[in-house]
Amino acid sequence: MKKRTFGKFVTVASALTLFAALFTGCGSSSEGSGGGNGAGGDSGKMYIPIVSKGFQHQFWQAVKQGAEKAAKELDVQITFEGPESESQVDKQIEMLQVALDKKPAAIGFAALDSKASIPLLEQAKSGNIPVIAFDSGVESEIPLATAATDNIAAAGLAADKMAELIGSEGEVAMIVHDQTSRTGVDRRDGFKKRIEEKYPNIKIVDIQYGGGDHLKSTDLAKAIMQAYPNLKGFFGSNEGSAIGVLNAVKEMNMQGKITLIGYDSGKQQIDAIRNGEMAGAITQNPIGIGYETVKAAVAAAKGEKVEANIDTGFFYYDKSNMDNEEIKAVLYE
């Protein structure tokens with residue numbers, strides 16, 4: 001399923017050090033504000049803004065760290081920003097417009113809404129600003145490359161694990177972060193299609209969208225459990241969705257009765273899997289996503305050919321393998 005995995009460059013010790021240095025906020029610069037004509041401020045370095053989906057999950061902080069690592073190695077300047085919530089599509093579009101107005105050398109973009117951003121991507125194309133998509137693809141041929149997880153395959157693996165754990169029969173439900181981004185659509189469809197194609201005795205009784213917000217996802221999951229008392233499993237499609245489901249199961253005193261499979265990592269999911277409250281989760285390689293995005297953006301800005309699909313890899317982890325070096329290298333708290 002994986003074409004390439006970049007977790008090898010992240011050791012456990014270095015990952016802990018990197019994450020300890022992360023700070024919160026809605027945007028940051030490696031060396032200051034970006035300037036026009038591809039130069040960053042007074043540094044004279046190539047300037048590449050990275051517009052993310054958000055900052056509310058540790059996943060994005062990990063992507064940021066990978067981007068900063070590549071910027072340092074390649075001696076370029078980046079900014080990394082995103083809206084406070086993954087439901088703020090308009091806010092992200094504003095950030096993208098501001099980034100383009102600075103006439104950067106290239107831009108990295110993770111779309112909250114793959115269609116809403118197309119007019120600005122057309123603007124980037126007309127201004128000869130290469131676009132590198134990351135995490136979420138864009139329904140356009142404008143991005144020269146996309147650095148991302150194969151989310152359809154990853155969610156399909158989550159479905160296989162769910163089937164294995166519930167005996168290939170019963171009712172399951174899904175809490176998905178959205179139905180507008182490429183990741184939301186692909187993770188929903190990857191899980192759903194695998195169940196429908198391989199497991200005729202498993203029924204997906206409900207799919208709800210929580211915007212990646214753990215509080216909203218908790219309420220949605222509780223409502224599903226009340227409507228379907230025989231529910232055997234839940235799939236949460238990102239960190240916020242999975243934590244919301246976890247909290248709902250605890251509040252309804254259903255621990256041990258409903259199998260939970262999540263996506264991404266973060267301290268709460270890691271702890272829940274370690275203590276048996278969650279069965280397992282899919283982990284991406286967020287540092288690798290950030291690193292490869294900046295690497296591809298620099299190459300594109302120099303007129304070099306870049307690989308169109310950069311598969312940054314994924315793993316399923318649970319209590320049995322989460323301490324393996326290969327897995328620990330791509331987990332983050």
Side-chain angles (χ1 to χ4, degrees), residues 57-59 154-179 184 187-283 314-323 327 331 333:
H57 302 313
Q58 289 304 310
F59 176 84
L157 176 58
D160 288 334
K161 294 295 183 179
M162 177 68 77
E164 177 184 334
L165 291 166
I166 67 172
S168 296
E169 63 179 7
E171 297 178 342
V172 300
M174 302 165 63
I175 300 293
V176 182
H177 50 291
D178 65 57
Q179 52 187 327
R187 292 176 197 176
R188 177 196 66 196
D189 292 351
F191 187 93
K192 182 174 181 288
K193 289 179 180 178
R194 184 66 59 85
I195 292 293
E196 291 173 345
E197 291 171 358
K198 289 186 63 177
Y199 306 104
N201 294 324
I202 296 178
K203 181 181 180 181
I204 298 175
V205 295
D206 203 354
I207 302 173
Q208 293 293 328
Y209 302 91
D213 180 86
H214 71 278
L215 296 176
K216 183 176 181 180
S217 297
T218 296
D219 290 340
L220 291 170
K222 288 167 68 176
I224 291 173
M225 284 187 282
Q226 291 169 343
Y228 298 96
N230 295 320
L231 195 73
K232 293 179 70 174
F234 256 122
F235 172 57
S237 70
N238 75 344
E239 184 179 347
S241 304
I243 295 307
V245 171
L246 173 65
N247 291 340
V249 168
K250 288 180 178 180
E251 291 179 21
M252 299 286 284
N253 295 315
M254 296 295 287
Q255 299 100 313
K257 299 178 182 178
I258 297 180
T259 298
L260 309 182
I261 292 181
Y263 212 105
D264 298 325
S265 49
K267 180 173 173 54
Q268 283 184 271
Q269 279 200 93
I270 291 172
D271 289 347
I273 290 169
R274 195 176 294 281
N275 65 30
E277 293 175 328
M278 288 182 66
I282 298 293
T283 183
F314 63 86
F315 299 91
Y316 177 81
Y317 69 102
D318 58 19
K319 191 160 51 176
S320 72
N321 70 350
M322 62 193 304
D323 290 321
I327 301 297
L331 295 182
E333 295 193 351

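Quantities reported herein were computed from a predicted structural model and do not represent experimental measurements.
- Atom CZ of R274 is separated from atom CD of Q269 by 13.5 Å, given to the nearest 0.5 angstrom.
- Remark: K232 engages no residue in a side chain to side chain donor-acceptor pair (under 3.5 Å) (not counting sequence neighbours).
- Rounding to the nearest 0.5 Å gives a distance of 10.5 Å between CD1 of I258 and CD of E171.
- The two atoms that bring K216 and Y209 nearest to each other are CE-O, 3.7 Å, heavy atoms only.
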Take F235 and K161 through the side-chain contact (heavy atoms from CB on, under 4.5 Å) test and state the conclusion after the steps.
CA-CA 11 Å; F235 172 57; K161 294 295 183 179; over 6 Å; no
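- Under the 4.5 Å side-chain criterion, counting only non-hydrogen atoms from C-beta, N238 is not in contact with F59.
- When all heavy atoms of A154 and I282 are compared, the pair lying nearest together is O-CD1, 3.4 Å.
- Counting all heavy atoms, side chain and backbone alike, M278 lies closest to G262 at CE-N, 3.5 Å.
- For the residue pair H177 and S237, a side-chain donor N or O sits within less than 3.5 Å of a side-chain acceptor on the partner.
- The minimum heavy-atom distance linking E239 with D264 is given by the pair N-OD2, 3.5 Å.
- The backbone N or O of Y316 lies less than 3.5 Å from a partner atom in the side chain of N321, making a donor-acceptor pair.
- With rounding to the nearest 0.5 angstrom, the CG atom of N230 is 11.5 Å from the NZ atom of K203.
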Assess the residue pair K222 and M252 against the criterion (side-chain contact (heavy atoms from CB on, under 4.5 Å)); give the C-alpha distance rounded to whole Å, side-chain angles, the decisive distance to 0.1 Å, and a yes or no.
CA-CA 7 Å; K222 288 167 68 176; M252 299 286 284; 4.0 Å; yes
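- A side chain to side chain contact (heavy atoms under 4.5 Å, CB included) with S241 is found for exactly one of V176, L246, I175, namely I175.
- Note that NE2 of H214 and CD1 of I243 are 8.5 Å apart. Values are rounded to the nearest 0.5 Å.
- How far CG of N253 is from CD of E251: 9.5 Å, rounded to the nearest 0.5 Å.
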Go through T283 and M322 one step at a time and tell me if the side-chain contact (heavy atoms from CB on, under 4.5 Å) criterion holds.
CA-CA 10 Å; T283 183; M322 62 193 304; over 6 Å; no
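- Contact check for M162 versus F191: side-chain heavy atoms found under the 4.5 Å cut-off.
- Contact of the I270 side chain with the S265 side chain is registered, since non-hydrogen atoms from C-beta on lie closer than 4.5 Å.
- Nearest heavy atom pair, residue A279 against residue I273, reads O-CG2, 4.3 Å.
- Once rounded to the nearest 0.5 Å, the distance linking CD1 of I224 with CG of L231 reads 7.5 Å.
- Between the side chain of Q255 and the backbone N or O of E277 there is no donor-acceptor pair closer than 3.5 Å.
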R188 and Q179: side-chain contact (heavy atoms from CB on, under 4.5 Å), yes or no, with the steps?
CA-CA 8 Å; R188 177 196 66 196; Q179 52 187 327; 3.8 Å; yes
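- Between S217 and G244 the shortest heavy-atom distance is CB-CA, 3.9 Å.
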